[in-house]
Amino acid sequence: MSDHSSLRTPSQRIAWSATIVISTLVFIFLIAPILAIMPLSFSSGSFLTYPLPGLSLRWYDDFINSPRWMNSLKNSMIIGVAATLLSMLLGTLAALGLAQWKSRFKPLVLAFVLSPVVVPGVITAVGLYFFFAPIGLTGSYLGLILAHTALATPFVVITVGATLQSFDTNLARAAASLGASPLQAFRRVILPLILPGLASGALFAFATSFDEVVIVLFMAGPEQRTLPREMFSGIRENISPTITAAAVILTTVSVILLATLEGLRRRNERLKGSGG
Amino acid sequence: MTAASLTGADAKPEVSLKRRLKQAERARQLKAFALVGPLLLFLLFTFAGPIAGMLWRAVDDREVRQVLPQTVAALADWNGKDLPDEKAYAALASDIMAARAAGTIAIAAKRLNYALNGFRTILTGTARNLKAMPEPGTARETLGKINPAWRERTTWTTIRDASGPVTGFYLLAALDLTRNVDGAVVSASPDQAIYRDVFARTFLISLSVTALCLILGFPVAYLLATLPPGRSNLLMIFVLLPFWTSLLVRTCAWIVLLQSNGIVNDSLHWLGIIEQPLRLIYNRFGVCVAMTHVLLPFMILPLYSSMKAISPAYMRAAASLGAPPVTAFLRIYLPQTLPGIGAGSLLVFILALGYYITPALVGGAADQMISYFIALYTTETANWGLASALGAVLLLATLLLALVYGKLVQGQQVTGGMKN
């Protein structure tokens, strides 16, 4: 990388300083709003303004003792976990298949598999609403799990596919030549090596489902409302400090997911580095 | 038998080996495709099928045909120039009687009202006042007496145009077009023509957000790509944390920040810059700020990966050949980031086009984008044909842009800028 301590001309130095100043402002723009609402959830008052009148956990108490919020948290977990498992199963199989499949239709198939990411949420939601209502899948957990799986699977295919790209197929051949059945080779050789990729895929899938709201808006009955869905109506009606408590909980989940993902990535890079 | 086949194999070993290799390869390919199969079937059921169904609804037009079947049949050979003949009036009277008995008149009334404002009243009023089947030969007179609208050609062309089974009506309506009494496509009346404005607004907001993301994202991506890996990895947290934070949390945060007694207004007041709180939210400004915040990581990450791929040797070479920094940047560096700029901008633009949640929460009535109207017609007014037609237009725009995006990132890794 170029070394900026040795910038020669004054204009280069000015340009570099400007880059740093602008970037700092953008970083503040990116992070400040998220940080700004966190203290409000610990406020003892009911107004979302600074300075805080005092500190208290009453809004967390409110969250935990509200059947509505707790139910939504439970729903988010149920739907998120189920959608993650299903998308892992379908996505990993597809990624394995796509890695071996050679055909001129492959780009087309890949584009189709990835299209749920690109198509606007409202279109998918409206289509599913029309399609699932007559067969009784709106207002049901199953309907939401299936819909979230469709949205999450592309991320699994991408992440697992990327891992498979760097996977040395000679290892699988070696296992086969040593007498391992395909299933044994997969379980004992391939799986341990692609496990970090699978874990990242699962994290992406869970995060996708955990944050999704448009489809839930259209398809969930009162029983299946998820955390983002409750937040949506909460924001629409009147933002209370309980919503900021919910926001902090959601953000904590995101941070845990992101930290896990970073850990996996670093581990992967280290392994790659030591492997030459 | 075994011996014979063995000798056969010995006789032409090369051909046999080739064939067996080919067969093995074919079996392998079949197995590979079989692994993709379950996902394809699944997406057919949970994604492609539903969207195809939605597209079908944009042209499906069977309500009037089902409720007024005899009228539709009678109008089939009507010239459309004069009023229809007595036969059509009698058919309509008979259909209305039957529909009232079956309780289906409202279905047809709703559909016809889409095409001609006030048709609901005409049809339901006629149904209410038509006590018995008119005497043979007096249907035209009877209906005309109940409602003079039946003496107008427009009333009848409306029914004829809504006869289905397929229609371009909703798709035309989605583009503020309609058919006039003679069947020619014309612009809709100004009070009904709102969607061109909505599409223009959707494009304008998406374009502004894309431009803002590019302006803000470029220096950040440059900084991240230029710093040594240790420091840039640390700073990357500032991009990835918002990227992973829930959309609802971020939207909520902006409302808290920008509301009239929010942090931004309070600070500006405290600094003595403003006297009265500024209106920063529930307007276009709020929508653009919040959407830029949400979509900025989608710009920074592709830009970062394209800049990361540029060797610093190029800039050094340019400098050593005497190019001033600005020239080197404009002629050497910038052109190499163009694929990243294109990919990032298209990605942000595509995502912005379909946005619903953020404008719905932080925008005013005049800032709602096309997705809002699709949702509105689906859940509130149940005008499913129009919702589907607007959806079809949005889908077409998205897919065309995605196609360009696909061409642009071809060759680059599929994961694009996404870490991992």
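By convention in this document, chain letters (A, B, ...) are assigned in the order of the sequence lines, proteins followed by strands, and residues within each chain are numbered from 1. Note that the structure is a prediction, hence the values are computed from the model and not measured.
If you tally non-hydrogen atom pairs under 4.5 Å between each of Leu394(B), Leu224(B), Leu55(B), Ile350(B) and chain A, the highest count goes to Leu394(B). Top candidate by heavy-atom pairs under 4.5 Å with chain B, chosen from Lys102(A), Met38(A), Arg236(A), Glu212(A), is Lys102(A). Listed options Gly143(A), Ala15(A), Ser115(A), Gly91(A) were ranked by heavy-atom pairs under 4.5 angstrom with chain B; first place goes to Ser115(A). Contact count versus chain B (heavy atoms, under 4.5 Å) is highest, among Ala36(A), Ala99(A), Pro116(A), Ser87(A), for Pro116(A). Per-residue counts of heavy-atom pairs under 4.5 Å with chain B were compared for Asp211(A), Leu98(A), Val109(A); the largest is that of Asp211(A). When the candidates Thr244(A), Thr149(A), Leu25(A) are compared by the number of heavy-atom contacts under 4.5 Å with chain B, Thr149(A) comes out ahead. By number of non-hydrogen pairs under 4.5 angstrom with chain B, the leading residue of Leu128(A), Leu48(A), Ile22(A) is Leu128(A).
Looking at Leu247(B), the atoms closer than 4.5 Å to chain A (heavy atoms on both sides) sit in the backbone and in the side chain alike. Within the 4.5 angstrom heavy-atom criterion, only side-chain atoms of Ile135(A), from C-beta onward, approach chain B. In this structure, the portion of Asp266(B) lying under 4.5 Å from any heavy atom of chain A is its side chain and not its backbone. Neither the backbone nor the side chain of Ile28(A) comes within contact range of chain B; no heavy atoms are under 4.5 Å apart. In this structure, the portions of Leu241(B) lying under 4.5 Å from any heavy atom of chain A include both its backbone and its side chain. The contact between Leu296(B) and chain A is made entirely by side chain atoms (from C-beta outward), counting heavy-atom distances below 4.5 Å. At a 4.5 Å heavy-atom cutoff, the contact between Val157(A) and chain B is made by side-chain atoms alone. No part of Phe210(A) comes within reach of chain B, as not one of its non-hydrogen atoms sits under 4.5 angstrom from that chain. With a 4.5 angstrom heavy-atom cutoff, Leu227(A) does not touch chain B via any of its atoms. The contact between Ala360(B) and chain A is made by backbone and side chain atoms together, counting heavy-atom distances below 4.5 Å. Neither the backbone nor the side chain of Leu390(B) has a heavy atom closer than 4.5 Å to any heavy atom of chain A. Contact of Phe47(B) with chain A is made through the side chain alone, with heavy-atom distances under 4.5 Å. Using a 4.5 Å cut-off between heavy atoms, Ser388(B) contacts chain A through its side chain alone, with no backbone atom that close. Heavy-atom distances place the side chain of Ile263(B), and not its backbone, under 4.5 Å from chain A. With a 4.5 Å cut-off on non-hydrogen atoms, Leu361(B) touches chain A through its side chain but not through its backbone. In this structure, no portion of Phe47(A) lies under 4.5 Å from any heavy atom of chain B. Only the side chain of Ile243(A) comes within less than 4.5 Å of a heavy atom in chain B; its backbone stays farther off. Of the atoms belonging to Leu30(B), not a single heavy atom falls under 4.5 Å from chain A. Interface residue Val289(B): backbone and side-chain heavy atoms are both found under 4.5 Å from chain A. Heavy atoms closer than 4.5 Å to chain B are found in the side chain of Ile37(A), but not in its backbone.
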**Request:** Any chance you could lay out the side chain to side chain contact (heavy atoms under 4.5 Å, CB included) test for Phe238(B) and Thr24(A), step after step, and finish with the verdict?
**Result:** CA-CA 10 Å; Phe238(B) 287 96; Thr24(A) 310; over 6 Å; no
**Working for side chain to side chain contact (heavy atoms under 4.5 Å, CB included), residues Thr226(B) and Thr19(A)** = CA-CA 11 Å; Thr226(B) 316; Thr19(A) 307; over 6 Å; no
**Item:** Val126(A) vs Arg57(B), side chain to side chain contact (heavy atoms under 4.5 Å, CB included): CA-CA, chis, key distance, verdict
**Value:** CA-CA 11 Å; Val126(A) 169; Arg57(B) 266 175 210 276; over 6 Å; no
**Asked** Can Leu40(B) and Val113(A) be said to form a side chain to side chain contact (heavy atoms under 4.5 Å, CB included), step by step?
**Response** CA-CA 7 Å; Leu40(B) 292 182; Val113(A) 167; 3.9 Å; yes
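Using cut-offs of 30° and 60° on the angle between ring planes, the pair Phe45(B) and Phe131(A) is perpendicular. Ring geometry for Trp16(A) against Tyr222(B) counts as perpendicular: the plane angle is over 60°, on a 0 to 90° scale with 30° as the lower cut. Ring geometry, Phe29(A) versus Trp254(B): the interplanar angle falls from 30° to 60°, so the pair is classed tilted.
Side-chain contact between Met369(B) and Val122(A) is absent, with no heavy-atom pair separated by less than 4.5 Å. Counting heavy atoms from C-beta on, the side chains of Leu261(A) and Leu240(B) never come closer than 4.5 Å. At least one side-chain heavy atom of Pro242(B) sits less than 4.5 Å from a side-chain heavy atom of Ile31(A). Counting only heavy atoms from C-beta outward, the side chains of Val119(A) and Thr398(B) never approach each other to under 4.5 Å. Counting only heavy atoms from C-beta outward, the side chains of Ile357(B) and Leu217(A) approach each other to under 4.5 Å. Contact check for Cys252(B) versus Ile239(A): side-chain heavy atoms found under the 4.5 Å cut-off. Using a 4.5 Å cut-off on side-chain heavy atoms (C-beta onward), Pro219(B) and Val26(A) make no contact.
How far CZ of Phe218(A) is from CD1 of Ile374(B): 8.5 Å, rounded to the nearest 0.5 Å. Rounded to the nearest 0.5 Å, atoms OG1 (Thr251(B)) and CE (Met231(A)) are 8.5 Å apart. Atom CG of Leu39(B) sits about 8.0 Å away from atom CZ of Phe112(A), to the nearest 0.5 Å. Taken to the nearest 0.5 Å, the OH atom of Tyr356(B) stands 14.0 Å off from the CD1 atom of Ile123(A). With values rounded to the nearest 0.5 angstrom, Met236(B) atom CE is found 8.5 Å from Phe27(A) atom CZ. Summarising the geometry, atom OG1 belonging to Thr245(B) is positioned 4.0 Å from atom CD1 belonging to Ile34(A); distances are rounded to the nearest 0.5 Å.
More than 12 heavy atoms of other residues, nucleotides or ligands sit less than 6.0 Å from atom NZ of Lys106(A).
When all heavy atoms are compared, the tightest approach of Gly354(B) to Pro120(A) is CA-CB, 3.7 Å. In terms of heavy-atom proximity, Met54(B) sits nearest to Gly127(A) at CB-CA, 4.2 Å. Leu223(B) and Ser23(A) get closest at one heavy-atom pair: CD2-CB, 3.6 Å. Contact between Leu248(B) and Val213(A) at its shortest, heavy atoms only, is CD2-CG1, 3.6 Å.
A donor-acceptor pair under 3.5 Å is formed between the side chain of Ser254(A) and the backbone N or O of Trp244(B).
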